[in-house]
*Asks:* 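Right, I'll just put the structure down here and ask away after.
To find a chain, count down the sequence lines: A is the first, B the second, and so on, and within it residues start at 1.
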Amino acid sequence: MPAARSARRYWLVKSEPDSFSFHDLLAAKGRTTCWDGVRNYQARNTMRDDMKKGDLVFFYHSSTDPAAIVGIAEVTREAYPDHTALDPADSHFDPKSKAESPTWWMVDLKAVTTLAQPITLAQLRGVKGLEKMVLLQKGSRLSVQPVSGKEWEIITLL
DNA sequence: GCCAACGTTGGC
DNA sequence: GCCAACGTTGGC
């Protein structure tokens with residue numbers, strides 16, 4: 001038997017809906033996609049080291065009006081190498097990444113729930129208890145980020 | 001479209 | 001190791 005897993009953790013991923021929307025995730029095979037193309041080390045570390053199968057993820061639409069959390073997804077596969085970094089034809093190609101020692105990693109995400117009503121960024125900014133949420137920090141642009149258990153509870157109860 | 005904030009790169 | 005220059009993110 002594997003050791004008892006630690007408590008489920010919570011995350012938030014950003015996507016520009018013009019590139020890949022929550023609707024696109026719902027339409028994907030198995031409602032699942034690999035979260036490729038992340039090229040930020042902090043976000044990479046989160047995916048490679050911290051996101052575990054069964055963790056839940058807010059799916060956030062950025063650079064759109066209004067920016068908002070639109071759905072919930074689940075981690076269904078833990079970190080594996082991001083193949084797009086090794087493909088010269090891919091826009092996310094990174095010549096410094098090697099197959100034998102990948103620089104970039106990704107997880108699989110599966111759509112779980114569409115929010116009946118998107119929760120907008122402006123709305124989140126007014127919610128007590130979310131003052132320290134990474135998403136709401138000035139200048140925050142991390143595309144894969146942690147959400148505390150308390151923050152998750154507050155938001156899902158809105 | 002603007003631009004502030006941020007991460008990365010590269011010269012020194 | 002510093003830091004200016006650059007490219008990107010993402011709200012507005």
*Asks:* Taking side-chain contact (heavy atoms from CB on, under 4.5 Å) as the test, write out the residues that go with A/Pro146, two or more places apart.
*Replies:* A/Trp11, A/Val134

*Asks:* Which other residues belong to the hydrophobic cluster containing A/Leu136, where Ile, Leu, Val, Met, Phe, Trp and Tyr are joined when side-chain heavy atoms lie under 4.5 Å apart, directly or via other members?
*Replies:* A/Tyr10, A/Leu12, A/Leu56, A/Phe58, A/Tyr60, A/Ile69, A/Ile72, A/Val112, A/Leu115, A/Ile119, A/Leu121, A/Leu124, A/Val127, A/Leu130, A/Met133, A/Leu135, A/Val147, A/Trp152, A/Ile154, A/Ile155, A/Leu158

*Asks:* Salt bridge (charged side-chain N to carboxylate O under 4.0 Å, His left out): which pairs involve residues 110-130 of chain A, sequence neighbours left out?
*Replies:*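 Every candidate salt bridge (charged side-chain N to carboxylate O under 4.0 Å, His left out) pair involving residues 110-130 of chain A fails, so no pair, neighbours aside, qualifies.
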
*Asks:* Scan residues 117-126 of chain A against DNA chain B and write down, sorted by residue number, each residue with any heavy atom closer than 4.0 Å; if none is found, say none.
*Replies:* none

*Asks:* Give me the other members of the hydrophobic cluster that A/Leu157 sits in, counting Ile, Leu, Val, Met, Phe, Trp and Tyr linked by side-chain heavy atoms under 4.5 Å, directly or via other members.
*Replies:*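 Noted: A/Leu157 shares its cluster with no other residue.
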
*Asks:* A/Ile69 has an atom CD1; how far is it from atom P of C/dG11, in whole Å?
*Replies:*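 After rounding, the reported distance stands at 12 Å.
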
*Asks:* In the 5'-to-3' direction, what one-character label does each nucleotide of nucleotides 1-10 of chain B receive under the scheme B = base within less than 4.0 Å of a protein heavy atom, S = sugar-phosphate only, - = no such atom?
*Replies:* ----BBSSS-

*Asks:* For A/Met106, which fellow cluster members are found when Ile, Leu, Val, Met, Phe, Trp and Tyr are connected by side-chain heavy-atom distances below 4.5 angstrom, either directly or through intermediates?
*Replies:* A/Tyr80

*Asks:* Tell me the side chain to side chain donor-acceptor pair (under 3.5 Å) pairs involving residues 20-34 of chain A, sequence neighbours left out?
*Replies:*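 Sorted pair list: A/Ser21-A/Asp24.
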
*Asks:* Of all residues at least two apart in sequence or in a different chain, which pass the salt bridge (charged side-chain N to carboxylate O under 4.0 Å, His left out) check with A/Asp36?
*Replies:* none

*Asks:* Salt-bridged, A/Asp82 to A/Arg44, with N to O below 4.0 Å?
*Replies:*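 Here A/Asp82 does not pair with A/Arg44 in a salt bridge, since their nearest N and O are not under 4.0 Å apart.
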
